[in-house]
S.K.: 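Handing you a structure now.
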Amino acid sequence: MFAEIEEKWQKAWESAKIFEAEPNEKKKFFLTVPYPYLNGNLHAGHTRTFTIGDAFARYMRMKGYNVLFPLGFHVTGTPIIGLAELIAKRDEKTIEVYTKFHDVPLEELLNLTTPEKIVDYFAKEALNALRRIGYSIDWRRTFTTTDEAYKRFIEWQFWRLRELGLVEKGSHPVRYCPNDQNPVEDHDLLHGDEASIVEFTVIKFKLEESDLIFPCATLRPETVFGVTNIWLKPVKYVIASVNGEKWVVSKEAFEKLGYMDKKVELLGEVDANEFFGKKVIVPLVGRSVQILPANFVDTDNATGVVMSVPAHAPYDYVAIKELGAEIEPIVIIRTDSNGIPAKEIVEELGIQSQKDPELEKATKLLYKKEFHRGVMLENTGKFAGMMVSEAKELVEKELIKSNLADVFYEFSEKPVVCRCGTKCVVKVVKDQWFLNYSNEDWKKKVLEHLDEMTIIPDYYKEEFRNKINWLKDKACARRKGLGTKIPWDREWLIESLSDSTIYMCYYILAKFINSGMIKAENLTMEFLDYVFLNRGSIEDAKSSGLSEEVIRKVKEEFEYWYPVDLRSSGKDLVANHLLFYLFHHVALFEKRYLPRAIAVNGYVSLEGQKMSKSKGPLLTMKKALEKYGADVTRLYILHSAEYESDADWRAKEIEGLVANLERFFNLVKEHYLREKEEITVLDKWLVSRFNRAVKEVREAMDKLQTRRAVNSAFFEVMNDVRWYLRRGGKNLALILDDWIKLLAPFAPHICEELWHLKHDSFVSLERYPEFDESKIDEDAEKAEQFIEKLLEDIKEVRKFVENAKEVRIFVAEDWKQDALRIALEKGLSEAMKELSKHGIDKADIANFAKRFKSAELIKNERELIESSIEFFERETQLKVSLSSEIPEEKKKSAMPGKPAIYVC
RNA sequence: GCGGGGGUUGCCGAGCGGAAAAGGCGCAGGGCUUAAGACCCUGUCCCGUAGGGGUCCGCGGGUUCGAAUCCCGCCCCCCGCACCA
């Protein structure tokens with residue numbers, strides 16, 4: 001129903017260029033939202049984040065700020081390439097998801113076989129949807145992350161980060177497919193997406209009088225002090241040369257070692273039976289212990305060689321018992337009891353054999369307990385007295401330092417299988433480029449800046465603080481994907497989250513680039529240094545080939561718009577993008593250019609179901625707009641949930657909203673242009689209530705609480721308006737100018753249409769309503785409340801009378817009014833004294849005392865009722881009058897603010 | 001496990017020391033209508049033939065004249081823990 005109106009105003013805004021922001025004398029507000037990734041159509045999740053952003057942009061604009069709200073598109077990385085391949089391959093599932101959920105017509109979809117075509121198509125679709133929803137975006141600044149100029153900008157950024165020592169080479173473990181010879185991403189997995197990569201410590205036990213090493217893999221290196229023997233499975237093992245040492249490992253382990261950045265060579269096969277009974281030396285301790293057989297050993301887990309700590313490892317304890325070996329467990333950790341921890345838990349769970357699945361549970365329970373509450377005992381040398389949680393890391397460090405241990409990466413769960421059917425391995429990728437987010441100095445600066453920022457909701461600041469502390473180095477280069485090459489090592493592409501950290505300042509360049517004033521080749525190091533970092537002079541910047549005038553202009557605009565005042569984002573970006581956003585700004589920019597505020601919002605689910613771009617279900621922005629139109633969609637999504645809580649999109653609810661919005665539209669149309677009539681108490685009440693709503697809405701919006709704001713601005717005002725009309729109000733127009741303005745950030749099209757019934761200006765540029773204390777009328781509000789309650793009471797009483805014809809209302813006698821006044825001022829006892837002085841009946845006084853708490857002083861109570869008689873009659877369809885002809889005992893119940901009611 | 005958030009009436013959700021507890025949705029009844037829809041009104045924890053009474057905010061304790069709201073313990077749910085946008 002509103003489609004035409006919406007299109008009309010979108011065109012009007014566009015041709016009046018009212019959202020094209022240029023520096024001026026006003027205070028600026030720079031608002032950004034994360035650019036969308038174009039491997040599909042924009043969906044309800046984008047709709048939520050962007051609509052919150054737009055509502056706030058509009059709100060700030062109406063509060064008198066010069067608002068810049070731009071948006072670009074993100075296409076770098078692997079998903080778009082992957083999608084192109086899948087479409088080219090005619091992958092069934094992909095075709096289904098993209099036709100069914102992304103609403104791409106089949107014939108168009110089949111054509112999207114290259115990344116470029118995909119980007120073109122979805123960029124066009126996105127633009128259409130974003131325009132149709134009426135965002136107040138400055139479209140002159142849009143761009144795509146594969147634009148030549150953008151790449152220059154990214155290269156510049158990486159040169160500067162490297163100069164600061166924040167990009168370095170290192171190695172790290174990845175999930176890897178030996179067949180594809182590539183790292184495997186989550187969506188390329190057949191099995192095992194739950195598995196994570198865990199780091200085993202491999203402790204080297206030397207065979208006595210030999211150079212053979214038994215590398216025992218463990219997750220609890222601190223228990224090395226309690227080792228009583230080591231285990232091998234009675235099967236064939238191999239001897240391998242590993243970085244020059246002779247290791248005995250399982251066959252599976254040998255294969256895996258080859259991927260772990262080690263020099264590995266097969267020397268020969270060997271039967272574990274040959275070693276049983278022989279002795280190895282426990283590192284750090286120097287104790288000599290036996291090699292024994294155990295069937296629970298999994299040769300496909302890590303090295304396939306295990307150390308035995310029967311006091312603390314249930315498996316070991318049970319294996320030793322089953323073997324009947326005369327080995328005394330050595331307790332090295334104390335928690336609460338004095339016994340042998342593994343023994344206790346095994347007995348408690350009634351475990352009998354190595355095959356008992358309960359052993360897994362016992363191991364986990366004991367591990368947890370000892371890790372969090374355990375203390376290292378005297379027999380652990382210099383670690384004695386430490387908490388286990390602390391000792392674990394230190395023991396490992398010590399062992400590795402003295403070349404007594406190594407690390408071995410393994411999946412936490414198995415199998416992990418690639419889409420191609422091959423079992424994945426953990427591969428250590430070397431010579432990889434890293435962003436050094438673990439750098440303490442860098443972190444410290446970020447944390448310091450965080451303290452000065454506004455985070456919405458505020459408790460997320462703590463979350464950010466923790467995440468900043470947890471953040472580790474990030475591999476920032478890839479071999480595959482779209483994007484910018486690392487400028488000093490062109491084998492590598494900059495990974496797509498790493499090229500999206502400070503692009504908000506690129507919006508300032510984008511305007512000049514899009515207009516042709518600046519070309520990609522003008523973006524030289526000197527120019528960007530000068531504009532963004534205040535490095536070098538304008539003379540240096542001229543080497544870009546740009547004129548001084550242009551350089552000056554760009555610089556001025558950057559100075560005007562930066563920093564970003566608010567970045568509004570979905571919560572999925574907290575642990576990654578938003579952190580990088582902070583880190584990179586802090587690393588590169590001067591303090592005055594650092595981000596001011598971040599707001600976080602939750603996900604959107606669909607009728608209770610999680611949405612998924614790659615699997616469905618999905619509701620695209622386009623579809624929502626086709627079905628409901630812009631303002632309904634906007635209002636709905638803004639009202640659906642607050643802050644980081646997740647919203648659930650429900651067709652049934654949104655349909656209810658359509659009706660509400662139509663009612664609003666018709667109501668305003670009907671009353672907006674009416675002649676004003678004489679002002680009554682009721683009018684004052686309306687204005688007073690409306691003013692409170694204004695206050696509420698502003699307070700809510702200042703904290704980005706769109707749900708609360710819409711609730712108040714739309715639904716609650718609507719309820720007041722209904723009451724007002726029901727009461728016979730004639731001057732609704734009193735609040736309509738302001739009501740339209742109040743709603744304009746949320747439902748801008750309808751508001752624009754209504755506003756123009758009376759005005760020539762754009763409501764989008766009007767001043768937002770102010771709260772006016774002087775318009776608050778306590779008496780009027782009290783009076784309305786009184787009438788409402790009285791009506792309720794009349795209806796209540798009436799329920800109990802059959803064939804009611806008439807209502808008589810009896811207002812409390814004057815003496816009660818007087819007494820209440822005294823009681824409120826001087827206390828009840830004073831009032832009672834006064835009453836007896838005037839010869840009021842004792843029983844009456846007692847009755848009054850009992851009930852005075854529920855009484856209230858209403859100004860002109862009698863007149864108020866009198867003027868509302870007609871209203872009461874209309875509402876009850878009964879004859880209503882003020883009368884003293886009611887039974888005596890009813891009269892007694894009359895109190896100020898609560899008249900006696902008699903229905904007959 | 002660590003970190004962050006949360007458990008409120010049929011559902012979604014506000015409230016965060018003094019109201020059976022905003023608002024929305026759903027459901028029921030009434031009005032309007034030739035009818036349906038829309039719209040308007042009423043009800044929606046239990047009891048009640050006079051505007052009243054009782055019970056209630058994950059569970060169990062405590063503080064207080066008074067607790068959904070504060071404190072302690074327990075149970076349960078959601079999200080992140082990455083190299084993926």
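The chains referred to below are lettered A, B, ... by the order of the sequence lines, with proteins before strands, and numbering in each begins at 1. Here the structure is a predicted model, which means the values were calculated and not measured.
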S.K.: By the 4.0 Å heavy-atom rule, please label A/Val903 as base, sugar-phosphate, or nothing.
M.R.: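 Base, at least one base atom sits under 4.0 Å.
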S.K.: Does B/rA28 pair with anything, Watson-Crick or G-U wobble, both distances under 3.5 Å, and if so, with which nucleotide?
M.R.: B/rU42
S.K.: Applying a 4.0 Å non-hydrogen cut-off, can you work out what A/Asp473 is touching in the nucleic acid: base, sugar-phosphate, or nothing?
M.R.: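 Contact class for A/Asp473: base.
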S.K.: Under 4.0 Å from OP1 or OP2 of B/rU42: is there any side-chain N or O of A/Arg726 that close?
M.R.: yes
S.K.: What is the distance, to the nearest angstrom, from the CG atom on A/Asn39 to the P atom on B/rA85?
M.R.: 10 Å
S.K.: If you pin A/Pro899 and A/Ala475 to their nearest nucleotides in RNA chain B, which one's is more 5'?
M.R.: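 Between the two, 5'-proximity favours A/Pro899.
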S.K.: Provide the closest heavy-atom pair for A/Ala641 versus A/Ser645 in the form atom of the first, atom of the second, distance.
M.R.: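 It is CB-O, 3.7 Å.
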S.K.: Check whether the side chains of A/Thr484 and A/Asp499 place a donor and an acceptor atom closer than 3.5 Å, and report yes or no.
M.R.: no
S.K.: Side chains of A/Glu644 and A/Pro457, heavy atoms from C-beta outward: is any pair under 4.5 Å?
M.R.: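 A side-chain contact exists here, since the closest heavy-atom pair is under 4.5 Å.
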S.K.: When both hydrogen-bonding distances must be under 3.5 Å and the geometry is Watson-Crick or G-U wobble, what is B/rA50 paired with, if anything?
M.R.: none
S.K.: A/His577 near the nucleic acid: base, sugar-phosphate alone, or nothing, with a heavy-atom cut-off under 4.0 Å?
M.R.: nothing
S.K.: Can you tell me how far P of B/rG1 sits from CZ of A/Arg220, to the nearest Å?
M.R.: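 Spelled out: CZ on A/Arg220 to P on B/rG1 is 16 Å.
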S.K.: Side chains of A/Glu788 and A/Trp723: do they bring a donor and an acceptor to under 3.5 Å?
M.R.: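 Short answer, no.
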S.K.: For B/rC32 and B/rC41, measure between their C1' atoms and round to the nearest Å.
M.R.: 11 Å
S.K.: Using the C1' atom on both, measure B/rA50 against B/rU55 and round to a whole Å.
M.R.: 23 Å
S.K.: Does a side-chain heavy-atom distance below 4.5 Å link A/Phe122 with A/Asn39?
M.R.: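 A/Phe122 does not reach A/Asn39 side chain to side chain.
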S.K.: Between B/rC16 and B/rA68, how far apart are the C1' atoms? Round to whole Å, please.
M.R.: 8 Å
S.K.: Using the C1' atom as the point on both nucleotides, what is the distance between B/rA20 and B/rC45, in whole Å?
M.R.: 8 Å
S.K.: Grab the N/O contacts between the protein and nucleotides 2-6 of chain B below 3.5 Å, and write none if there aren't any.
M.R.:
from, atom 1, to, atom 2, distance (Å)
B/rG3, O3', A/Asn466, ND2, 3.2
B/rG3, O2', A/Asn466, ND2, 2.5
B/rG4, O4', A/Glu463, OE1, 2.5
B/rG5, O2', A/Glu644, OE2, 3.3

S.K.: Counting Watson-Crick and G-U wobble pairs only, both distances under 3.5 Å, name the nucleotide matched with B/rC56, or none.
M.R.: none
S.K.: So, do A/Thr47 and A/Leu42 sit near enough that their side-chain heavy atoms are less than 4.5 Å apart?
M.R.: no
S.K.: Name the pairing partner of B/rC81, where a pair is Watson-Crick or G-U wobble with both distances under 3.5 Å, or state none.
M.R.: B/rG1
S.K.: Taking atom C1' in both B/rA14 and B/rG6, compute the distance separating them and give it to the nearest angstrom.
M.R.: 15 Å
S.K.: In the structure I gave you, are the side-chain heavy atoms of A/Ile637 and A/Phe50 within less than 4.5 Å of one another anywhere?
M.R.: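 No, their side chains stay 4.5 Å or more apart.
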S.K.: For each nucleotide in nucleotides 10-26 of chain B, reading 5' to 3', give B when a protein heavy atom comes within less than 4.0 Å of its base, S when such contact involves only the sugar-phosphate, and - otherwise.
M.R.: -SSS--------BBSS-
S.K.: Hunt down the Watson-Crick or G-U wobble partner of B/rC16, both distances under 3.5 Å, from any strand shown, or write none.
M.R.: none
S.K.: For A/Glu393, does the CD atom sit with more than 12 other heavy atoms under 6.0 Å from it, leaving out its own atoms?
M.R.: no
S.K.: Round to a whole Å and report the spacing from CD1 of A/Ile794 to P of B/rU42.
M.R.: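 Result: 14 Å.
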S.K.: Would you measure the distance from the C1' atom in B/rC57 across to the matching atom in B/rA22 and give it in whole Å?
M.R.: 15 Å
S.K.: When you measure from the side-chain N and O atoms of A/Ser500 to the phosphate of B/rA85, is any distance below 4.0 Å, counting only OP1 and OP2?
M.R.: no
S.K.: Specify the separation, in whole Å, of atom CG of A/Leu578 and atom P of B/rG80.
M.R.: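 Rounded to whole Å, this separation is 15 Å.
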S.K.: Can you measure A/Ile81 atom CD1 to B/rA85 atom P for me and round it to whole angstrom units?
M.R.: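 So the CD1-P distance, A/Ile81 to B/rA85, works out to 11 Å.
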S.K.: Would you say A/Ser500 and A/Tyr35 are linked by a side-chain donor-acceptor pair, where the criterion is simply a distance under 3.5 Å?
M.R.: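 On atom types as modelled, these side chains qualify, holding a pair under 3.5 Å.
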S.K.: Separation of A/Arg808 atom CZ from B/rG51 atom P, in whole Å?
M.R.: 19 Å
S.K.: Heavy atoms only, 4.0 Å cut-off, all strands: where does A/Lys472 land among base, sugar-phosphate and nothing?
M.R.: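 Counting heavy atoms under 4.0 Å across all strands, the contact made by A/Lys472 includes a base.
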S.K.: Considering non-hydrogen atoms only, spot the tightest contact between A/Tyr37 and A/Gly77 and give its length.
M.R.: OH-C, 4.0 Å
S.K.: Could you tell me whether A/Leu471 contacts a base, only the sugar-phosphate backbone, or nothing, with contacts defined as non-hydrogen atoms closer than 4.0 Å?
M.R.: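 The answer is base, as A/Leu471 lies within the cut-off (heavy atoms under 4.0 Å) of a base atom.
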S.K.: Between B/rA36 and B/rA28, how far apart are the P atoms? Round to whole Å, please.
M.R.: 14 Å
S.K.: If I pick the P atom on B/rG61 and the same atom on B/rC56, what distance separates them, to the nearest angstrom?
M.R.: 13 Å
S.K.: Taking NZ, NE, NH1 and NH2 as the nitrogens, is one of them in A/Asp451 or A/Arg465 under 4.0 Å from a carboxylate oxygen of the other?
M.R.: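 Answer for the salt bridge query: yes.
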S.K.: Classify the side chain of A/Lys474 versus the base of B/rC83 as yes if they form a donor-acceptor pair under 3.5 Å and no if they do not.
M.R.: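 Yes, the side chain and the base share a sub-3.5 Å donor-acceptor pair.
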S.K.: When we call it a touch if two heavy atoms are under 4.0 Å apart, what does A/Ala900 touch: a base, just sugar-phosphate, or nothing?
M.R.: base
S.K.: Any donor-acceptor pair under 3.5 Å linking the side-chain atoms of A/Arg48 with those of A/His43?
M.R.: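 On atom types as modelled, these side chains do not qualify, holding no pair under 3.5 Å.
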S.K.: Could you state the atom-to-atom distance from CG of A/Leu83 to C1' of B/rA85 in whole Å?
M.R.: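 Rounded to whole Å, this separation is 13 Å.
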S.K.: In whole angstrom, what separates A/Asn666's CG from B/rC40's P?
M.R.: 11 Å
